[in-house]
Protein chains: 2
Amino acid sequence: MGRATDTAYDAVRQMILSGTAEAGSRLGEAELAETLGLSRTPVREALQRLGSDGLVEVLPHRGARVVQWTREDLEEIFELRSLLEPYAAARAAKLAPPQNVLDDLHEQCDAMERAVSEGDFGRVAQLNSAFHASLIEASGNRRLPAMLTSVMHAPLIVGTFRRYDADEMSRSMNHHRELVAALAAGDPAWAESVMRAHIRAAAANLRGER
Amino acid sequence: MGRATDTAYDAVRQMILSGTAEAGSRLGEAELAETLGLSRTPVREALQRLGSDGLVEVLPHRGARVVQWTREDLEEIFELRSLLEPYAAARAAKLAPPQNVLDDLHEQCDAMERAVSEGDFGRVAQLNSAFHASLIEASGNRRLPAMLTSVMHAPLIVGTFRRYDADEMSRSMNHHRELVAALAAGDPAWAESVMRAHIRAAAANLRGER
DNA sequence: TTCGTTTTGATTGCATGCAATATAGTCCTT
DNA sequence: AAGGACTATATTGCATGCAATCAAAACGAA
């Protein structure tokens, strides 16, 4: 059993991402503390962290609410992702990641494709986040991961895969494979282009549905 | 008198930016609370916030330390700035800011040039941060400000102007004026280019000295 | 002396109680 | 009945005490 703050953080985070705590709903400290069997202090700290993650908004003397996303928010997020992630991919390719990192990325692709064939979209989303996180980390820029968490963990982003049809899903998987290939080849321009296409495809999908 | 947490946040932040709390030094909760005449709770919350701002690093059961910047950190930061700020400038130009915003930016340029002629570099740094923040806000992307705080408030960044000679200083001021002109003209490519030059000039300066 | 162990001191992590503030409901005035 | 001031309740903000954990000094064995 780790720290109570982390327990609270993970729990509330999961509530938000899974939709249990719906957008706009209040997150009372006392109520959450009761539910989780903790005191208000670690809950409060967790809400603060979620606030800086951009998952909840905390107003002075008014508590925390789950943030509500608009189409504008999505546009903003995808603009930033299509700026930062291609950069991260290019950097990662330039660094020529060691073989074990490449193997790990391939492994993640395998797992994802298995999850797709099993129709487990929740797991696909989870693995996708992990894949992008790995790639961002491979960029070597130690500030990028923290910067991107605020735009990567939006509930609607995480749930993107539910909207994909078979063609879009297979295209997305191919993008991932191609990214690893570009990294293995050490070709920054290739990696950057694939990533940009990957992000813009996702943006187009969300734009079409919503 | 606002909230105690804010008081603590501002105080510690100022300690770090002014150099009173030197890089690598420990920030004990009890000690700070004593100094500021508060309890540990708001101090702790402030340190947490400063942690997500990237100004301090908090380790489990080991407390908070002022982060130490390496040349690598500076490179990383300037790479991200030269990616995001030109984008922000382009977006701002595309949005064609209202006249009062442009007036405000001009006013900030005036104040900055006065501060330069008075040799008040602390004030120059402060006004420069404000100018960049205004421009980033004018981009219309509501996520950019929070994203960039983590890379804008590094102590070494804030202190950049102390290193500038007369030519570099005047070039920097000219960049600011030119940025406002590009915004007024509604020319995204112009604004983007000037901002990129502005950032890279700053990076070159820091690279040369350090 | 040097390495590993133990103990001690200090500091963070968490729980709880009280004070400050906001929201909602009630009452009074017009 | 409508509007505004006031009161009541619920919730956050802050202080403080205790428990858990870590770093370092003291100790003992090789």
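Lettering of chains follows the sequences in order, A, B, ..., and the numbering in each one begins at 1.
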Checklist entry - Looking at the rings of B/H176 and B/H132, which for Trp means the six-membered one, are their centres under 6.0 Å apart? => result yes
Write down the protein N/O and nucleotide N/O pairs, taken from nucleotides 9-11 of chain D, whose separation is under 3.5 Å; answer none if there are no such pairs.
{"from": "D/dT11", "atom 1": "O3'", "to": "A/R26", "atom 2": "NH2", "distance (Å)": "3.4"}

Checklist outcome for this item: Rounded to 10°, the angle between the first-five-pair and last-five-pair axes of the helix from C/dT1-D/dA30 to C/dT30-D/dA1 is 0°
Taking only nitrogen or oxygen atoms into account, show me every contact under 3.5 Å that the protein makes with nucleotides 6-9 of chain C, one pair per line with its distance.
none

Checklist entry - Around atom CZ of A/R142, are there more than 12 heavy atoms of other residues, nucleotides or ligands at under 6.0 Å? => result yes
Checklist entry - Would you call B/R123-B/E118 a salt bridge at under 4.0 Å N-O? => result no
Item to check | Separation of D/dT12 P from A/R65 CZ (nearest whole Å) | outcome: 11 Å
Checklist outcome for this item: Between B/R40 and A/R40, the residue closer to the 5' end of DNA chain C by nearest nucleotide is B/R40
Next on the checklist: Just the rounded figure in Å: distance from P of C/dA22 to CZ of B/R3.
Outcome noted: 10 Å
Checklist entry - Does the side chain of A/E168 pick up a donor-acceptor pair with the side chain of A/N205 at under 3.5 Å? => result yes
Checklist entry - Expressed in angstrom and rounded to an integer, what is the separation of A/E45 atom CD from D/dG13 atom P? => result 14 Å
Checklist entry - A/R44 has a side chain; which of D/dG13, D/dC14, D/dA15 sits nearest to it? => result D/dG13
Checklist outcome for this item: When rounded to whole Å, the CG to P distance for the pair A/D6 and C/dT12 reads 17 Å
Next on the checklist: Taking CD in A/E57 as the centre, count heavy atoms belonging to other residues, nucleotides or ligands within less than 6.0 Å. Is the count above 12?
Outcome noted: yes
Checklist outcome for this item: note: A/E34, atom CD; C/dT16, atom C1'; distance rounded to Å ~ 14 Å
